[in-house]
Structure formats: C-alpha cells, structure tokens
Amino acid sequence: MVEKQCKIAKDASYVLAYTDTAEKNAMLASIADALLKNADYILKENAKDLKNPKLDTVFIDRLMLNKERIDAMAEGVRQIIALPDPVGELVEEWSVKNGLRLSKVRAPIGVIGVIYEARPNVTVDVAALCIKSGNAVVLRGGKEAINSNRALYRTMVTALKDKGFETGMLQFIDDATRASTEILLKQDRYIDVIIPRGSDGLKQYILENSKIPVIASAGGMCHVYVEKSADLEIAEKIVINSKCNRPSVCNAAETLLVDKAIAKTFLPTVLSALKEKGVKLYGDSATRKIVKDVEPATDENYYIEYHDMIMNVKVVKDINEAIEHINGHNTKHTEAIVTSDKKAEELFTSRVDAAAVFVNASTRFTDGFEFGFGAEIAISTGKIHARGPLGLKELTCIRYIGRGNGQIRG
C-alpha cells in the first residue's frame, strides 16, 4: 500500500508542478476554511491521543491541540496563500558567446516524504507548503498522534474533494508501525527527498536506512550569551523568554553563558527570575560561587537538550570563550548574543556556526511562521540543500532553460 501511495503522489506531482498560482491558492483557502469548520471533530480525535498514559508533560505539550492552535494552523495556511509563488521564478538570465540564452529558474523538487512524530500541526504545515511550492507529499506521522493526524488529513482531503480538486498530491500513510517507515525509505523511484521531524533517534534511523536523499536537522542545543556590554534589563527578558516561553520546542535555550565581567551583577538577578518561573539550574563552579543554590553541572550537562524547565549556566571569561563553548557543544540550530558592542556582534555572528544567529533577540524566533514563511516544513541544521526554516523557496530546486535559434556545439 505504501508503494502504491508513493506512485500516486509521483503521478500527481507532474500535474501539480505546473498548476497555476490561483488554483493552488484556492486549494489552500479550502483547507484553511475546513480547519476552522471542523475544529470540534479535530479536537475530539486529538483527545483520544492525549489519553495515552505513557505520555510525559513535554510530549503532551507538543501533541495537544486547542482552538487557538487550530486557528494558528489556519492562519499559517492563509499566510502561505499571501506569499509569492516561487515556482517559475527567474533567478538569473544570461547569454553565452554563441547567442544561446540561458535562464535559471525555480522548479518544484517533486515528491517530498515527511516522517514526523508528536506535533499534529506538521500535517497541515507540510501539506500547505508543498501544495504552494508545487510538490506532492507523502506524510507519515507517529503512532502517538495517529488520531489527530488522520483527522487533519481527512479534513484537508475532504475540503479539496468538495471543491472539485484532485487529491493525489496529498498522501497519508495510515500505518504508524516501523514496517511502513522501512518501506517508505526504499521508494527512491517515486520520492525525491525525505525530511524527518522528531527525535535524534528518528533522524539517525532515517539517515542510516534511507535510499532517498535526506534533509535532516539536529536537535536544538541553543545558547544565549550575555556579553559584558549588554543592557542587563533586556538580557534578562531575552533569557527568560528563550527558556520559558515554550521549553519543549527545539528553539528554546538550554544554556546561558555570562561574561565574567558582569557575572556578579547579572547572575543573582537573572537566576532568581528563572527560579521564580520554575526553572531548575545547573551551573559551573564560577556560577555556584556567586549563586549558591545551583546544582553542580558536569560537562555532560552542556550537551543535553532538556525540552523542559531546566537550564545550564556557565561563566566565560570573554566572547572568544563563549564562541568556543557554543561551537563545541551546540547542534548548529539557533544561538543568541545580547550586546551593545558592534564589534562583539560582528564577531559572534560571523564565527558562531548555526542555522540562525540572533542579536539582542530571543532564540524562540527561529520559526517559519515568525520568519514570515507561513510555516516551515522543518528547520534544517545541515548546509545542503538548505539551512534554517525550510519555507517555499527552500522546497524548490534550480533548473536551466536554454533558448536558441539553431545553435549546435562544435
């Protein structure tokens, strides 16, 4: 069945690739309307998944849907409607010496397979981005969210059918066993790229077993570095938001680095504020000399992505040590510096190796919705073929069109 679905998606991709923008936007509008109209049904199915007694609080936060989150999904779809269609965009054009005119244009990748775990919103985000960018998609969600994902998929497909649109470009594998994943990863004849979203274990399994090219992201071992020239009031707000706004997600900060020159002034205030929010703290010896009631941190702590109200703290002697620590411990996802020094800003942004680097802003902004992409299909921490939030343009590839008047190569 999985192979058959992949073939259906491949056949549909050839039609969708050159469907005009107005028709694709009409498809998306029908989906956005249907999400709101069917919110009660979607929430009812989501409640079935939430009854799983094995789920911890972090997983529940990722899995849970409510009216607000459904509204946000619909709004994300409408944002995608409003964005320019990248398909056919002329990137560059030139002539070679024999008069042949070459055009470099954007084209859909083809069929994208997305394997994901807890977050049901991925079902909608991915489908909408793929439709607008002219790609068919094969969705394979996790067993913990099977009822939620199924409800969202059925809502979208029914909406498309009711408006008279074909639905082959949206395929959902309604089998959350490992066997279906194994079959999917062998469909290199039909699928052009696999994008995993979930745990490091899932991503590693896919990288090791896929016959299809993979765009993967590591976890979110993110840092906030408060440099000695920072406005400490701004710094505290950024640290609190980066850690506490939604600690279960990959752009939440896990480690706070503080310049030695301001540590005695800043640490008591910011750590007190974090504790008031319920954050458990692990610190190095320099931190614990300043603030006593902090748990001792080992080097292992500085590699842990907690997904929880837990944070590491470390005092560094200067920006160079901060950069060295970040590049040695991060997952290339998101990093932030709080500073008033332009030279420090330039040094940090040029030397820190991450998909997104923020100056005087929270790490929580690494997000397709926040970037104005409507949503993202994933956040890539690799460097091929795209990096950071993968929006519409990142779901296209480049092709060349040559126009001549009889040229032949000698």
Side-chain angles (χ1 to χ4, degrees), residues 199-201 203-204 207 215-230 235 238-239 242-243 247 249-263 266-267 270-271 274 279-291 294-308 310-339 341 343-366 379-384 387-389:
S199 67
D200 287 339
K203 294 165 191 171
Q204 194 59 43
L207 286 167
I215 299 176
S217 62
M221 189 63 209
C222 307
H223 301 72
V224 176
Y225 167 51
V226 181
E227 193 265 341
K228 63 185 178 182
S229 69
I238 289 170
V239 172
S242 295
K243 176 72 264 182
V249 295
C250 59
N251 57 20
E254 306 291 8
T255 295
L256 167 63
L257 302 175
V258 178
D259 198 291
K260 180 180 179 181
I262 58 169
F266 183 60
L267 281 177
V270 72
L271 298 193
L274 285 166
V279 178
K280 182 177 181 179
L281 299 167
Y282 289 92
D284 65 343
S285 59
T287 298
R288 296 177 68 240
K289 285 180 181 178
I290 299 169
V291 180
V294 172
E295 295 290 324
T298 65
D299 190 55
E300 183 181 352
N301 284 99
Y302 294 104
Y303 290 100
I304 298 174
E305 186 181 1
Y306 295 111
H307 293 301
D308 204 348
I310 306 172
M311 194 173 204
N312 306 313
V313 187
K314 182 179 176 66
V315 175
V316 293
K317 65 180 180 181
D318 56 23
I319 189 171
N320 292 308
E321 185 179 345
I323 292 169
E324 182 180 357
H325 178 92
I326 289 169
N327 286 341
H329 293 80
N330 75 349
T331 51
K332 319 303 182 190
H333 193 292
T334 300
E335 307 298 345
I337 182 174
V338 187
T339 183
D341 185 334
K343 288 185 178 179
E345 173 185 329
E346 291 170 7
L347 185 63
F348 192 87
T349 55
S350 62
R351 285 184 51 197
V352 165
D353 186 6
V357 180
F358 292 103
V359 179
N360 298 327
S362 170
T363 60
R364 288 281 288 116
F365 285 108
T366 305
I379 295 175
S380 172
T381 54
K383 300 178 183 179
I384 302 173
R387 200 174 195 198

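Quick note: residue numbers are just sequence positions, from 1. Predicted model only: the values in this text are computed from it and were never measured.
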Using a distance-only test with no angle check, is there a side-chain donor-acceptor pair under 3.5 angstrom linking Tyr306 and Asn312?
yes
Is it true that the side chains of Glu300 and Thr298 contain a donor and an acceptor less than 3.5 Å apart?
no
Any side-chain to backbone donor/acceptor pair from [X] onto [Y]? Under 3.5 Å, distance only.
X      : Y      : value
Ser242 : Thr363 : yes
Asn327 : Arg351 : yes
Asp341 : Ser229 : no

Reported [atom1]-to-[atom2] distance for the pair [X] and [Y], which is rounded to 0.5 angstrom:
X      : Y      : atom1 : atom2 : value
Ile323 : His223 : CD1   : NE2   : 12.5 Å
Met311 : Leu281 : CE    : CG    : 8.5 Å
Leu256 : Ile238 : CG    : CD1   : 11.5 Å
Glu346 : Ile337 : CD    : CD1   : 11.0 Å
His329 : Asp299 : NE2   : CG    : 4.0 Å
Met221 : Asp200 : CE    : CG    : 12.0 Å

Residue pair Glu324 / Val316, side-chain heavy-atom distance below 4.5 Å
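A side-chain contact is absent here, since even the closest heavy-atom pair is not under 4.5 Å.
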For the pair Tyr225 and Phe348, name the ring-plane relationship: parallel under 30°, tilted 30 to 60°, perpendicular over 60°.
parallel
Which residue pairs pass the salt bridge (Lys or Arg N to Asp or Glu O under 4.0 Å) test when at least one of the two sits in residues 250-259, sequence neighbours left out?
Lys243-Glu254
Could I get the full list of side-chain contact (heavy atoms from CB on, under 4.5 Å) partners for Lys332, not counting sequence neighbours?
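In terms of side-chain contact (heavy atoms from CB on, under 4.5 Å), with neighbours along the sequence ignored, Lys332 is linked to Asn330, Asp353, Thr381, Arg387.
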Step by step, work out the side chain to side chain contact (heavy atoms under 4.5 Å, CB included) result for Val279 and Leu271.
CA-CA 9 Å; Val279 178; Leu271 298 193; over 6 Å; no
All side-chain hydrogen bond (donor to acceptor under 3.5 Å, both in side chains) counterparts of Thr349, not counting sequence neighbours
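Per chain and number, Thr349 pairs via side-chain hydrogen bond (donor to acceptor under 3.5 Å, both in side chains) with no residue.
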